[in-house]
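These notes concern the structure reproduced below.
Just the heavy atoms: all of them, side chains too, but no hydrogens, waters or symmetry mates, feed the values below.
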Amino acid sequence: MQKFKSYIVGLTLFFIPLFFLPVTHEFYNINKFVLMAIAVLLLLSISSYQFLKSREVVWSKNSIRILIPVAIFLTAVLLSTLIASTNKVQAAISFTYGPLILLVLTVFYWYVSREEDQTVGLMLRFSGLCISIITIALLFHPFDSVSLPKTFQFLKNQNFSPVGARSDLILFLGFVSVYQLVYLLKKRRQTHRLDLFASIGVAFSTIALLAVFFNPASGTVKSFAPINLSLAATIKSLSTFSGFVIGTGINNFSTVFTQVKNSAYSASPNWSLGSYDNASSAVLQILTESGIISLLALIGILANGFLLSRKKTSAILLGYMTLALLTTPASLIFFLLLYLTLALVVSESANNREHAIHVEENKSLFLIGFINTSTIVTLVLLFLFAFMPSYRAELAMRSSVDAIANRNWGDLYTHQYNAVVLNPYIERYRVNFSQTNLFIAKQVATSPKPNQNLITSSVQQAINEAQAAIALNPKKAHNWENLGIIYKNVLGFKGAEQWAIAAFQKATLLDPQNVTYRLELGGVYYSLKQYENAIKVFQEATLLKPDLPNSYYNLAYAYYQNQDSKNAVRVMDTLLALLKKQSSPNYKKVLKERDDFASGVTQNQAPTVLQ
């Protein structure tokens with residue numbers, strides 16, 4: 001049975017970096033987690049059977065020494081989730097570092113730490129070689145000229161990797177390169193000759209790492225916040241007592257980020273990205289979301305690791321992960337590599353003898369066996385009846401994407417409805433479903449024979465879903481923006497005007513530097529012919545982002561409709577200078593409209609968006 005456990009551990013280590021499935025809305029983390037969770041449940045089941053057969057509890061002192069701070073870290077993250085997180089269910093199943101993923105990683109660490117470091121290292125090197133070869137091959141765009149089914153179009157994406165995000169790929173390739181280089185040098189020292197497989201591994205992983213790192217075509221859009229604003233978010237979170245102790249809550253980094261954005265960010269190329277879910281550094285995200293207790297536990301983990309690492313391999317890898325903690329964003333791959341490194345530290349450490357406690361008494365045997373069996377049955381039931389509906393919801397959301405590609409609106413509605421029913425706690429499901437209902441209402445309204453009952457019910461469901469997203473997380477500005485957009489599109493409905501204004505005002509309050517929200521709010525005022533309010537909001541937009549033509553364009557129209565031609569022409573002149581500087585194709589169009597303003601030509605239409 002022990003050999004079977006070793007096979008499970010080895011194969012899981014090999015497949016996790018490679019494993020993804022294009023059948024879920026999110027290809028990578030959720031499928032890697034399912035693979036790891038199934039492996040952990042199998043390992044626990046086998047261990048329970050071994051205990052009942054041998055009546056022995058086996059443990060090692062060094063594994064426990066690392067496990068204690070790991071358990072404290074898990075507890076701190078769990079407390080942050082239960083006390084501080086706004087959407088607790090979404091936070092619990094977060095694949096960045098939610099308590100569920102950390103629990104599975106903790107159990108997996110325990111089993112990896114009991115394996116021989118040669119077995120773990122071999123699987124890691126094989127997996128690293130496969131990822132390196134795939135990465136190098138994809139750099140040549142082998143699928144660009146191949147006609148692929150819609151399901152596999154992702155293979156043409158220049159940023160695709162089985163590992164996941166570009167930052168995770170770089171982190172993994174760097175880890176494998178360091179490990180294989182240290183292993184190669186150790187073998188060279190022991191045998192006085194080069195290990196061929198290790199040499200090939202080092203060459204491929206290094207080439208792949210350099211190719212990805214210096215490839216200008218990949219990773220053009222960052223999925224994590226800039227370092228200065230990540231630090232600002234951390235400082236803001238630590239400024240309160242609760243934030244200092246337990247953080248702002250798992251999965252809440254984006255709500256803090258929107259509060260610390262500045263004018264420099266508004267002037268950056270990424271200004272249209274309203275928020276980020278991840279900090280640029282794992283340590284900053286941990287501090288922001290789960291506070292000082294989590295950081296102290298993490299420091300304890302690393303300190304114990306360095307004290308136990310007697311061999312250069314584990315010490316160098318631990319140093320690499322410490323550097324990664326400071327420089328790379330938190331992710332499932334980051335924590336997997338960290339816990340794997342800790343397991344290698346334990347397996348390589350001196351005096352890592354296993355101890356066995358033999359249970360003689362029938363009562364003690366029954367009690368431990370009952371606890372083991374109950375725990376495993378509980379975990380299996382939780383996996384099947386609590387987590388698997390979430391996985392089925394991801395399958396449904398992926399099917400809705402395929403329905404969009406096939407322009408099958410009936411299937412789009414059905415799949416998104418199923419996703420919301422299966423997992424009603426995911427905000428993006430609610431937001432997407434609200435937009436789908438709004439889309440259906442618009443489609444029906446423009447049909448030759450519109451069904452008023454269907455229009456009304458679709459609009460009401462769109463509003464209900466948008467409000468449900470807010471109920472899940474009222475601190476997220478994007479959820480309020482979505483509600484505002486829904487109401488803005490149905491201004492003819494009773495009370496929609498005031499709800500649209502209130503929603504955009506709330507979004508602006510939560511994200512003060514977001515110019516898009518002000519343009520939306522100003523657009524509502526303009527539609528309601530409240531031109532003075534529109535002028536005020538559009539003026540704020542021009543101050544927030546002076547290089548955005550839309551703000552001036554809308555402001556000029558609001559002035560003109562408010563019978564203020566002088567200011568309308570003045571703003572148009574400012575806009576023309578900006579468009580000329582940007583070499584915009586809209587220059588002639590705006591010049592004509594400016595002349596119309598100056599000559600008093602009536603402009604009844606609402607301003608259009610400048611591209």
With a cut-off of 3.5 Å and sequence neighbours excluded, list every side-chain donor-acceptor pair involving residues 92-103.
from : atom 1 : to   : atom 2 : distance (Å)
S94  : OG     : T96  : N      : 3.3
Y97  : OH     : S290 : OG     : 3.2

Quick one, [X] and [Y] - any side-chain contact, counting heavy atoms below 4.5 Å?
X    : Y    : value
P549 : N586 : no
Y587 : Q582 : no
Q461 : Y413 : yes
Q513 : Y265 : no
L438 : Q435 : yes

*Only pairs at least two apart or in different chains count here, so list each salt bridge (Lys or Arg N to Asp or Glu O under 4.0 Å) that has a residue in residues 250-277.*
K261-D511
*Just grab all the salt bridge (Lys or Arg N to Asp or Glu O under 4.0 Å) pairs involving residues 565-581, residues at least two apart or on different chains.*
D573-R594
*asked:* Do Y391 and N423 pair up side chain to side chain, a donor and an acceptor below 3.5 Å, judged on atom types alone?
replied: no
*Decide, yes or no, whether a salt bridge links E497 with K529 under the criterion of side-chain N to carboxylate O below 4.0 Å.*
no
*Indicate yes or no: does K536 engage E540 in a salt bridge with an N to O separation below 4.0 Å.*
no
Atom pairs and distances, side-chain donor-acceptor, residues 484-496, under 3.5 Å, sequence neighbours left out:
from : atom 1 : to   : atom 2 : distance (Å)
K488 : NZ     : E520 : OE1    : 2.7
N489 : OD1    : K442 : NZ     : 2.7
N489 : ND2    : I485 : O      : 2.7

*Does the gap between the ring centers of Y531 and Y525 come in under 6.0 Å?*
no
I'd like to know whether [atom1] of [X] has more than 12 heavy-atom contacts from other residues, nucleotides or ligands below 6.0 angstrom.
X    : atom1 : answer
W271 : CH2   : yes
F244 : CZ    : no
K475 : NZ    : no

*Applying side chain to side chain donor-acceptor pair (under 3.5 Å), name anything that partners K506, two or more places apart in sequence or on another chain.*
none
*Who are the side chain to side chain donor-acceptor pair (under 3.5 Å) partners of Q259, not counting sequence neighbours?*
none
